[in-house]
Amino acid sequence: MSWPSKRDPDWKYLQSVQYGTHGNFPRLSYPTFFPRFESQDIIPPDDFLNSDEELDCVLFGILRGQVVGLRYYTGVVNNNEMVSLQREPDNPYDKNAIKVNNVNGDQVGHLKRNLAAALAFLMDNKLVQVEGVVPFGANNAFTMPLHMTFWGKEENREVVLDQLKKHGFKLGSTLKDLGLSSENSLVSGRSGPRYNMPAHVAVQMTAEQLKTEFDKLFEDLKEDAKTNEMEPAEAIGTPLLPHQKQALAWMISRENSKELPPFWEQRNDLYYNTITNFSVKQRPENVHGGILADDMGLGKTLTAIAVILTNFADGQPLLSNRREKNHPRKEYKDKTVKRRGNNTNNEADGLSTETSRCGGEPVISHIQEMNKFLTSKVSSFCPKRRKISVEYTESSDSEKIETSELAQKMKGSSKVKEDTTFAHALTSSAPVTKKKMLKKGASVMEGLKKCDTGERSRATLIICPLSVLSNWIDQFGQHIKSEVHLNFYVYYGPDRIRDPNLLSKQDIVLTTYNVLTHDYGTKDDSPLHSIKWLRVILDEGHAIRNPNAQQTKAVLDLEAERRWVLTGTPIQNSLKDLWSLLSFLKLKPFIDREWWHRTIQRPVTTGDEGGLRRLQSLIKSITLRRTKTSKIKGKPVLELPERKVFIQHVSLSEEERKIYQSVKNEGKAIIGRYFTDGTVLAHYADVLGLLLRLRQICCHIHLLTNGISSSGSSGNDTPEELRKMLIRKMRLILSSGSDEECAICLDSLTFPVITHCAHVFCKPCICQVIQSEQPHAKCPLCRNNIHGDNLLECPPEESACDSEERSNMEWTSSSKINALMHALIELRTKNPNIKSLVVSQFTTFLSLIETPLKASGFMFTRLDGSMTQKKRVESIQCFQNTEAGSPTIMLLSLKAGGVGLNLCAASRVFLMDPAWNPAAEDQCFDRCHRLGQKQEVIITKFIVKDSVEENMLKIQNTKRELAAGAFGTKKPDANEMKQAKINEIRTLVDL
DNA sequence: ACCGCCGGGTGCC
DNA sequence: ACCGCCGGGTGCC
């Protein structure tokens with residue numbers, strides 16, 4: 001018995017069965033002599049296992065049943081083994097049939113007919129989730145007993161109990177109800193499932209307890225496996241820090257590990273899973289990988305590069321000279337169909353590019369040049385989303401040259417499929433006739449696929465978000481010695497070569513989540529998915545935390561021997577985030593959501609100690625996490641210089657104060673009315689608008705945008721006016737820097753849309769609400785009716801006119817600008833070499849600051865979200881440059897740049913205006929307070945006295961507290977969310 | 001005997 | 001299944 005890589009039919013079925021998708025079964029399957037529920041009585045829920053509601057489940061009770069028909073199926077179980085129940089509506093003998101499967105998904109038997117008749121309806125409508133354990137009698141030949149636990153939402157309890165009663169079943173709540181004396185139930189001994197009876201389940205651990213418990217998961221660095229250090233392969237030119245050597249040792253030990261995976265142990269000649277009690281004869285493979293969850297800035301990228309080169313092949317490091325006799329490439333060379341002799345001059349270089357042959361560009365002879373070359377290409381092509389792919393191959397492999405040349409020629413025909421066909425013709429040892437090639441691509445593609453999937457590639461696939469693609473290329477260039485020869489391919493851009501043969505012969509293939517997902521979604525087989533990779537590394541691995549996202553599915557379908565996840569935040573919102581990661585790591589039995597949910601997620605969220613223990617040992621065995629404050633042998637992992645935050649209070653000038661007060665008084669009156677009418681949230685955008693104006697005045701009165709009137713709609717607008725107004729409001733919300741969360745997912749807004757009641761949500765989130773509440777969906781924030789057709793998306797910005805208008809205005813200073821300039825000039829006098837970041841949420845404010853900077857002779861550069869990728873790279877490189885005459889100031893918009901942005905040349909930060917979300921500020925500070933920072937970092941926050949800004953600081957504090965206790969607690973619901981928002985508004989406008 | 005009892009055939013859903 | 005159930009054979013003590 002072995003673990004199939006994918007249990008197709010069953011697994012798919014479990015994932016996809018939904019109420020109503022099999023049009024005929026519900027009607028036929030329930031005995032008609034019982035009054036049937038009409039479908040409108042029950043809200044058809046989302047896929048039970050995929051819905052958030054799974055956390056609200058309570059235990060209804062337990063029942064003893066029977067598994068029958070054992071002798072017809074191969075699936076076997078042990079005493080106390082967990083089993084899963086699966087509806088089988090297409091069973092020709094009984095539409096109510098319910099299969100009983102073991103942990104491996106092999107069928108053990110069926111539920112007895114009468115029991116199935118009672119449960120089928122409940123299961124189909126997801127009114128209850130039934131979980132089974134075989135308490136004893138596992139070796140019976142014909143039938144065996146089954147203990148079932150019933151879980152569901154409280155509001156469905158009655159329906160469930162009624163339905164069972166109609167069929168003559170009654171749930172019990174104690175072990176006696178299972179026909180056991182308590183004595184018997186304890187005989188079973190070790191590690192059986194524990195049924196905490198309802199009383200205990202209801203008791204939740206406090207948020208505080210859970211948080212401390214969870215922190216413990218990562219604290220423990222005492223284990224030897226994680227404190228050993230290892231030197232990287234010679235090919236790595238950068239010395240590793242101690243914690244990076246530890247990570248290297250740990251990662252390599254995991255890749256080469258022969259230990260059993262967590263929760264497995266050997267008993268005699270069988271292997272037992274101690275959680276589920278499942279056993280197999282064949283030794284379960286360990287996970288050759290894990291999660292590197294170090295904090296941002298600890299050098300995960302460098303560590304990963306070190307792993308690739310140090311555990312390059314057969315547990316051996318990459319040899320600098322690739323032509324040594326044990327060269328791993330040898331096996332490929334042997335298969336070369338034919339060779340060309342006249343290319344030896346390139347061989348010495350080890351690397352060459354397709355363009356060098358076809359486009360006349362110089363041959364690139366080592367990786368640093370390659371890096372330069374690539375970086376320039378990537379950065380210059382990114383802005384237009386028209387990037388190039390560069391192929392790096394050993395020119396001694398003649399097959400590739402021909403492939404490339406032909407592929408190049410074929411580009412005229414613009415059909416990638418034909419490229420690949422040609423490539424196949426040249427690389428396959430079996431001749432491919434022209435006729436065959438001209439036949440529809442499919443059959444040839446099929447042949448191609450087969451020839452590729454046969455053996456494992458030695459390539460490492462790295463998948464990262466686009467924002468860090470160039471960072472990876474940079475780091476490869478920086479850290480790998482120049483004489484090292486590597487086959488490196490950036491699989492990106494419209495001209496990427498979709499040839500599995502070519503890809504699988506690389507050492508490293510770098511691509512992005514988007515490319516991977518796009519390829520996966522297109523009809524042709526994705527070349528990335530037809531290769532058995534030596535290693536797959538997911539950078540920013542939390543990108544796959546949504547199990548329903550196409551991106552996640554594309555990642556989970558990759559085949560690899562070693563699998564790594566790099567992430568600074570393994571758990572972002574809740575435990576659920578871990579599942580996708582575990583699933584990617586192919587950790588059995590958690591790949592199936594049901595087992596993950598039963599054995600870990602639910603026990604932990606209901607506060608079950610055993611569950612937490614299991615989670616703990618699981619995490620410990622597969623993740624390594626160090627924070628910036630972690631210590632090794634008493635020394636901090638990173639000896640970062642200190643970071644100090646000062647708040648500098650600024651007083652408004654008389655004129656500014658006058659304007660501020662008048663806007664405030666006007667706004668306060670309006671909002672006060674909203675409060676008395678109880679319509680604050682309905683006017684949320686207006687409230688934000690007022691706050692925005694106040695914040696703008698604090699910075700500079702020229703920021704005041706006249707375009708937005710607070711009065712909102714008068715009720716008799718034309719649809720077009722309404723639309724414009726709503727879009728204006730949404731823009732306001734999005735551009736106000738308020739970092740609004742979506743009230744549904746509580747994450748920052750992705751693909752925002754605005755409802756007619758002027759509330760902004762993520763489009764997917766609100767669509768899901770509308771779907772599940774139809775036909776009368778209501779806005780989660782104000783309970784007004786909403787409709788899918790009425791959602792407005794944000795059209796692309798037509799920005800220019802606004803700023804032009806402003807630039808025509810005569811420049812004046814402001815109190816804050818004065819304060820800033822004073823500080824900058826003082827700093828320059830003290831030390832002209834210190835570099836500073838000047839940060840604001842308002843890009844127009846940054847523009848206003850440019851004028852006095854120029855006037856005072858400062859060299860500065862700028863980075864904001866509106867800039868193209870190319871300009872960003874230029875700006876960053878320019879700023880990071882330490883040569884004399886380089887800019888000393890960067891004007892930075894708060895949210896510009898991804899997590900990887902490195903601005904450590906700066907040691908001063910001037911935060912011109914406070915952010916709503918303190919995390920956004922911290923992230924911004926970390927762009928210079930990170931690895932590579934040699935000086936003390938001093939942060940100055942300018943806060944206007946007696947203003948909305950001071951109130952924002954208060955809100956920041958409550959948010960900090962909230963974030964600190966966030967793990968394990970239930971998400972606030974729409975109501976709590978509402979109240980929190982109202983309270984925030986109260987604080988902000990002093991009401 | 002329109003029963004009881006016997007013993008063989010048989011067996012999930 | 002060392003059961004239950006079915007249906008045929010059988011029939012005082």
Side-chain angles (χ1 to χ4, degrees), chain A residues 1 7-34 36-37 48 62-150 160 163-171 178-181 184 187 278 592 594:
Chain A
M1 202 182 318
R7 284 191 233 143
D8 239 335
D10 295 355
W11 184 81
K12 270 194 184 147
Y13 188 73
L14 274 171
Q15 297 291 309
S16 66
V17 66
Q18 281 195 354
Y19 179 80
T21 49
H22 298 260
N24 56 347
F25 75 80
R27 268 168 218 294
L28 295 175
S29 49
Y30 310 109
T32 46
F33 46 88
F34 290 116
R36 217 179 52 231
F37 286 91
F48 188 91
I62 60 188
L63 189 67
R64 169 90 171 266
Q66 263 201 315
V67 189
V68 298
L70 302 182
R71 64 162 159 155
Y72 300 98
Y73 306 99
T74 52
V76 292
V77 291
N78 295 306
N79 286 343
N80 283 309
E81 183 168 334
M82 294 179 171
V83 291
S84 75
L85 306 184
Q86 186 192 5
R87 277 282 285 123
E88 189 185 19
D90 293 331
N91 186 304
Y93 302 96
D94 183 1
K95 301 270 178 217
N96 293 328
I98 297 172
K99 294 205 284 181
V100 177
N101 302 331
N102 69 11
V103 179
N104 196 32
D106 301 321
Q107 183 169 3
V108 178
H110 276 107
L111 283 193
K112 221 167 138 67
R113 199 185 189 101
N114 57 341
L115 181 58
L119 296 188
F121 168 84
L122 295 174
M123 287 174 70
D124 290 339
N125 290 289
K126 316 269 158 63
L127 292 167
V128 69
Q129 187 172 21
V130 188
E131 299 179 349
V133 173
V134 175
F136 51 85
N139 292 321
N140 292 359
F142 305 101
T143 69
M144 56 174 70
L146 181 69
H147 286 178
M148 291 174 292
T149 29
F150 287 64
V160 171
Q163 163 80 0
L164 288 171
K165 200 173 165 189
K166 275 178 217 144
H167 286 81
F169 294 101
K170 188 170 176 283
L171 294 187
L178 294 172
L180 289 169
S181 70
N184 265 339
V187 182
F278 176 73
D592 274 6
E594 177 180 350

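These numbers come from the heavy atoms of this one structure, side chains and all, not from hydrogens, waters or symmetry mates.
Comparing the C1' positions of C/dA1 and C/dC5 gives a spacing of 12 Å, expressed to the nearest Å. Distance check on atom C1': B/dG4 versus C/dG11 gives 9 Å, rounded to whole Å. Nucleotides B/dG8 and B/dC12 place their C1' atoms 22 Å apart, quoted to the nearest Å.
Figure legend. C/dC3 is base-paired to B/dG11; pairs are counted as Watson-Crick or G-U wobble with both atom distances under 3.5 Å.
Listed by first and then second residue, the ring-ring contact (aromatic ring centres under 6.0 Å, His included) pairs involving residues 62-110 of chain A are A/Y73-A/H110 (not counting sequence neighbours).
Contact annotation for A/I98: no contact, since no heavy-atom pair falls under 4.0 Å across all strands.
Side-chain contact check for A/K95 versus A/P89: every heavy-atom pair is 4.5 Å or farther apart.
With hydrogens and angles ignored, a donor-acceptor pair closer than 3.5 Å exists between the side chain of A/Y73 and the base of B/dC12. Evaluation of atom-type donor-acceptor distances gives a pair under 3.5 Å for the side chain of A/N91 against the base of B/dC13.
Between the C1' atom of B/dC12 and the NZ atom of A/K99 lies a distance of 13 Å, rounded to the nearest Å. In this structure, the CG atom of A/L115 is 12 Å from the C1' atom of B/dC13, given to the nearest Å. Separating the OH atom of A/Y93 from the P atom of B/dG11 is a distance of 12 Å, rounded to the nearest angstrom. Rounded to whole Å, the distance from CG on A/D90 to C1' on B/dC12 is 17 Å. Distance, A/K95 NZ to B/dC12 P: 19 Å, rounded to whole Å. If you measure from atom NZ of A/K112 to atom P of C/dC3, you get 16 Å, rounded to the nearest angstrom. Rounded to whole Å, the distance from CZ on A/R87 to P on B/dC13 is 14 Å. A/Q66 has its CD atom 11 Å from the P atom of C/dG4, to the nearest Å.
Defined by atom type and a distance below 3.5 Å, a donor-acceptor pair is present between the side-chain atoms of A/D106 and A/N104.
By the criterion of a centre-to-centre distance under 5.5 Å and near-parallel planes under 30°, the ring of A/Y72 forms a stack with the base of B/dC12. A stacking contact between A/F142 and B/dG11 is absent: the pair does not combine a ring-centre distance of less than 5.5 Å to the base's six-membered ring with planes differing by less than 30°.
Between A/G137 and A/P145, the shortest heavy-atom contact is CA-CD, 4.4 Å.
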### Task
Take A/N101 and A/Q107 through the side-chain hydrogen bond (donor to acceptor under 3.5 Å, both in side chains) test and state the conclusion after the steps.
CA-CA 4 Å; A/N101 302 331; A/Q107 183 169 3; 5.3 Å; no
